Every structure is written in C-alpha cells, then in structure tokens.
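Everything below concerns the one structure shown next.
All values derive from a computational prediction rather than experimental measurement. In each ligand, atom 1 is the first atom listed, and ligand 1 is the first ligand listed.
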Amino acid sequence: MSSETKGTAEKALLRVLRGEILSPPPLWLMRQAGRYLSEYRALRAEAASFLDFCYTPGLAAEATLQPVRRFGFDAAILFSDILVVPDALGQKVTFEQGEGPKLAPILTDEDFAKLNDEIDLRRLAPVFETIARVRSALPPETALIGFCGAPWTVASYMIAGHGTPDQAPARLLAYRNPELVQRLIDRLVEASTSYLLRQIEAGVDAIQIFDSWAGVLPPHEHDRWCIAPVARIVAGIRPHERNVPVIGFPRGAGSWLETYAARTGVDCLSLDTVVAPDWADRSLPRGLAVQGNLDPLALLAGGAALDRAVAAIRDALRERPHVFNLGHGILPETPIAHVERLVELVRREVG
Ligand code: CP3
C-alpha cells in the first residue's frame, strides 16, 4: 500500500499518535461531552443519577456522539467516568448534584479488605455495550478514545472519599501507611489493565490515562505512585494485537514530564495549561506526539485572547506530531460560539 493510500485510510488522530505531523492537526476536547451543551443537559435529565447515566448505553452513547455531531471533532471520547473502577471494585460511589463524587473512604486495612479482589467486569458490561454502539454510529474518520484514571488519581478519591483541593488525605496516608497505599495502587493497576483490555476488545482506537492529580506528589514519590503504576498498565495493554496507542495526562508533572514520557512508554503526552509548548518541543524526545494545551479559561473568554492562544500553541508545535486539545477539561460556562471559533481557527490552517 502506498503511504498516500494508507494515510487516507487511517484516522487523523491515530496517524498523529503514531508519529505523523499533520496540518491542520486533529482536534478534540477533554470533557467534550458535558454541561456546556444544552443537548447534554437535556439528556442528563433522563437519568436518576450520574452513574445510572454512565451505565445506560442508550444515554451514554448519545452523550458520546453529541459533541462530534455538533463540532465534527476528530475523536469521540467514551462517555463514562474514572470512578466506575472503584464502583466495580465494590466501593460505594455516588455523585451528588453540584457536590461532586462521594465514596466510602479507604483509610485502614479493614476498609481495604472490603474491596473485591478483582474488578467486576460484568458490572461494567453497559460501558462495553456503549463502546460497541458508538463504534457503529461514528463516521469512519473519527477515532474513539477509551480511558481510565491513573491509579494515583483514582486512589486519591478512594482514600479521601470526595474531591479535595490538593488530595491531602491520600498524600498523608502515603506517608503514614505506604504499604496500604501500595496494595491499593497494585489493585488499581490490575483492575485498570483488565478494564482497558476489555475496552480495546469492544472497539476503542486509542486510550487516555488521566492522572489529574500527578502534580501534588513530592519529588521522591513520583516514581512509586505515578510513573511505575502507569508503566505497568501500558506494558499490560501493549501486547494486544491491535497495538492501541496510549495518551498519558500527568497533570502538573512539569519538571518530570520527560522522565514520565521515557519510563511509562506512552505514545503521546497530554500537556496541562502551564507547560510552555515551545519548551515541550525543545525538551521532549523528537517524534513523540504531544496533545494540548489551550487554557480552558481562554476558550471561555474567547475573542482576541482565544485567537492569540491558539496561534501560539500551533506556532510552537508545527514541527511535531500534535493533537490540538485543552490543557484540562472544558468548563460548563463555555459559550458554544467560542468552541465553533476554535474549530474554525484550528481547521483553517493549510498544510
Ligand atoms: O467528555 C468526556 O471527557 C468523557 C467523560 C468524562 C467524564 N469524566 C464525565 C463527567 C471523563 C473522561 C471524565 C474524567 C474524570 N472524572 C476525571 C479526569 C479528568 C479531569 O477532569 O481531571 C476526574 C478527576 C473525574 C472525577 C469526577 N467526575 C469529578 C471530580 C466530578 C465532579 C466534578 C464535575 O466536573 O462535575 C465528576 C462528574 C462528571 N464526570 C461529570 C461529567 C460530564 C459532571 C456530572 C454531571 O453532568 O452531572
């Protein structure tokens, strides 16, 4: 097959994750299905709870497709949540309206002993059904991204039992009882690996590992709680025959991004809002794809600030495989017109 024929057959997102430079770059947005869309709010009202919503394939598939239909993004991301993994490990998880997640905290050996030894993939059957439905509804050029939370980020919610500004409860437990935290992390490495392999079997094209709380770890803890567990997950899904590429998002990793990229073996680094894209281009291994990293507040603000921010990111990353995205999730207050403007800015770039 000539490279040209192959190029047109393969989805733009996958070409870039495998190391090609494309202009314009593929585009999708973290948390692109969500409350900034009126059609999402209407759909959300049909389910009693957020987890019911995630576990109803008809609703979750529709939520996954909504932003692709509206904006023509190059990728859909499975509509689910990182906290379905603790749920399928037997920890009670609820989402209170306006308050975020609530879990029964794991602080002692007795709390840990209540978890299942293995993830209950039957409980997650609706997620795999959602993937199959989305797969058959997506245009052929649109990639489907599956995901999980990184063990440290998921553990930080399992330990605290709710969202916190700095995940202090998990950091404190990691100092006081590192053996317990290690057992929890090991359980999550195994659970996440099995879960991702099932997502791949159900039809996702790429995986993103969200480590939203990597940045709260002190230097001597990066490797143990963040890099090593993610490296084990990547190694665990690599042998799959479809060789699905992996995007790592170690939010806040800053000075240890290079080490994270080298040791985890991810195919693409998703950059948070404070990483300077020109620094990333100079410092990261040549040919490694990067994703990001528009400030969600610049998108909310729109106008000249948005235009400037988009141009600065593209100027810095023109010589590198780049997936255009935000540096963190889209904010619920974001005007639709600003997302439309972003699509126009990114897509009007010509070769
Ligand atoms: O569009 C997509 O990106 C796909 C779906 C998705 C959701 N959550 C849906 C969701 C994805 C990929 C996530 C990831 C996620 N969930 C992360 C990592 C990414 C990040 O933003 O840092 C984290 C830390 C969570 C845990 C979580 N889920 C919290 C803390 C909250 C409450 C805060 C909030 O944003 O509302 C959620 C709820 C949640 N997950 C919502 C959505 C659309 C909002 C709930 C609702 O609509 O009722």
- Would you say F249 and F147 make side-chain contact, with heavy atoms under 4.5 Å? no
- If we number the atoms of ligand 1 from 1 as shown, the ones under 4.0 Å from a heavy atom of G100 are 32 (C)
- Message: Apply side-chain hydrogen bond (donor to acceptor under 3.5 Å, both in side chains) to residues Q91 and D87 and explain how you reach the verdict.
- Response: CA-CA 5 Å; Q91 185 178 20; D87 182 61; over 6 Å; no
- Message: Quick check on contacts: which atoms of ligand 1 are under 4.0 angstrom from a heavy atom of F210?
- Response: 12 (C), 18 (C), 19 (C)
- Query: Would you say G34 and ligand 1 have an N/O pair spaced under 3.5 Å apart?
  - Reply: no
- Tell me, which protein residue and heavy-atom name are nearest atom 10 (C) of ligand 1, and how many Å apart are they? F50 CZ, 3.3 Å
- Protein contact to atom 28 (N) of ligand 1 [nearest heavy atom, distance to 0.1 Å]: D81 OD1, 2.7 Å
- Message: To check your reading of the model: name the closest protein heavy atom to atom 18 (C) of ligand 1, its residue, and the distance in Å.
- Response: S212 OG, 3.2 Å
- Query: V246 versus I237: any side-chain heavy-atom pair under 4.5 Å?
  - Reply: yes
- Query: Is a side-chain donor or acceptor of D281 paired with a backbone partner of P277 at a separation under 3.5 angstrom?
  - Reply: no
- Query: Side chains of T193 and E190: do they bring a donor and an acceptor to under 3.5 Å?
  - Reply: no
- Note on the structure: of all protein heavy atoms, closest to atom 29 (C) of ligand 1 is P101 CD, 3.8 Å
- Of the backbone atoms (N, CA, C, O) and the side-chain heavy atoms from C-beta on, which set of F95 has a member under 4.0 Å from an atom of ligand 1: side chain, backbone, both, or neither? side chain
- Item | Contact (N/O only, under 3.5 Å) between W213 and ligand 1 | no
- For atom 1 (O) of ligand 1, what is the nearest protein heavy atom, given as residue, atom name and distance? A33 N, 3.0 Å
- Query: Which protein heavy atom lies closest to atom 41 (C) of ligand 1, and at what distance to 0.1 Å?
  - Reply: R31 NH2, 3.5 Å
- Under the side-chain contact (heavy atoms from CB on, under 4.5 Å) criterion, do T273 and N293 qualify, and how do the steps go? CA-CA 5 Å; T273 53; N293 69 343; 5.9 Å; no
- Query: Looking at ligand 1, does any of its N/O atoms fall within less than 3.5 Å of an N/O of Y40?
  - Reply: yes
- Task: Please state whether G149 comes within less than 4.0 angstrom of ligand 1, counting heavy atoms only.
- Result: no
- What is the ring orientation for H220 with Y175, classed by angle as parallel under 30°, tilted 30 to 60°, or perpendicular over 60°? tilted
- Item | Q32 N/O to ligand 1 N/O under 3.5 Å | yes
- For D211 and T153, does a side-chain donor sit closer than 3.5 Å to a side-chain acceptor? yes
- Item | ligand 1 contact by G329, heavy-atom criterion under 4.0 angstrom | no
- Item | W28 side chain to Q291 side chain, donor-acceptor N/O pair below 3.5 angstrom | yes
- Return the orientation label for the H222 and W256 ring planes: parallel under 30°, perpendicular over 60°, tilted otherwise. parallel
- Please indicate, with yes or no, if any protein heavy atom is found under 4.0 Å from atom 33 (C) of ligand 1? no
- Return the residue, atom name and 0.1 Å-rounded distance of the protein heavy atom closest to atom 17 (C) of ligand 1. I82 CD1, 3.8 Å
- Message: Angle between ring planes, F53 versus F50, binned at 30° and 60°: parallel, tilted or perpendicular?
- Response: perpendicular
- Carefully, step by step, assess H328 and R31 under the rule side-chain hydrogen bond (donor to acceptor under 3.5 Å, both in side chains). CA-CA 8 Å; H328 200 194; R31 305 286 288 263; 6.0 Å; no
- Compute the shortest N/O to N/O distance between Y157 and ligand 1 and return yes if it is under 3.5 Å, no if not. no
- May I ask whether H328 has any heavy atom positioned less than 4.0 angstrom from an atom of ligand 1? yes
- Considering only non-hydrogen protein atoms, determine which one is nearest to atom 36 (O) of ligand 1 and report residue, atom name and distance to 0.1 Å. R35 NH2, 2.8 Å
- Item | Proximity flag S80 to ligand 1, non-hydrogen atoms under 4.0 Å | yes
- How does L78 reach ligand 1, if at all, at less than 4.0 Å between non-hydrogen atoms: by side chain, backbone, both, or neither? backbone
- Query: Under 4.5 Å between side-chain heavy atoms, hopping through other hydrophobics if needed: is there a path connecting I21 to L288?
  - Reply: no
- Item | Check: R251 N/O within less than 3.5 Å of ligand 1 N/O | no
- At under 4.0 Å between heavy atoms, what of R44 touches ligand 1? The answer is side chain
- Determine whether F112 and L172 fall in the same hydrophobic cluster, where Ile, Leu, Val, Met, Phe, Trp and Tyr are linked whenever their side-chain heavy atoms lie under 4.5 Å apart. no
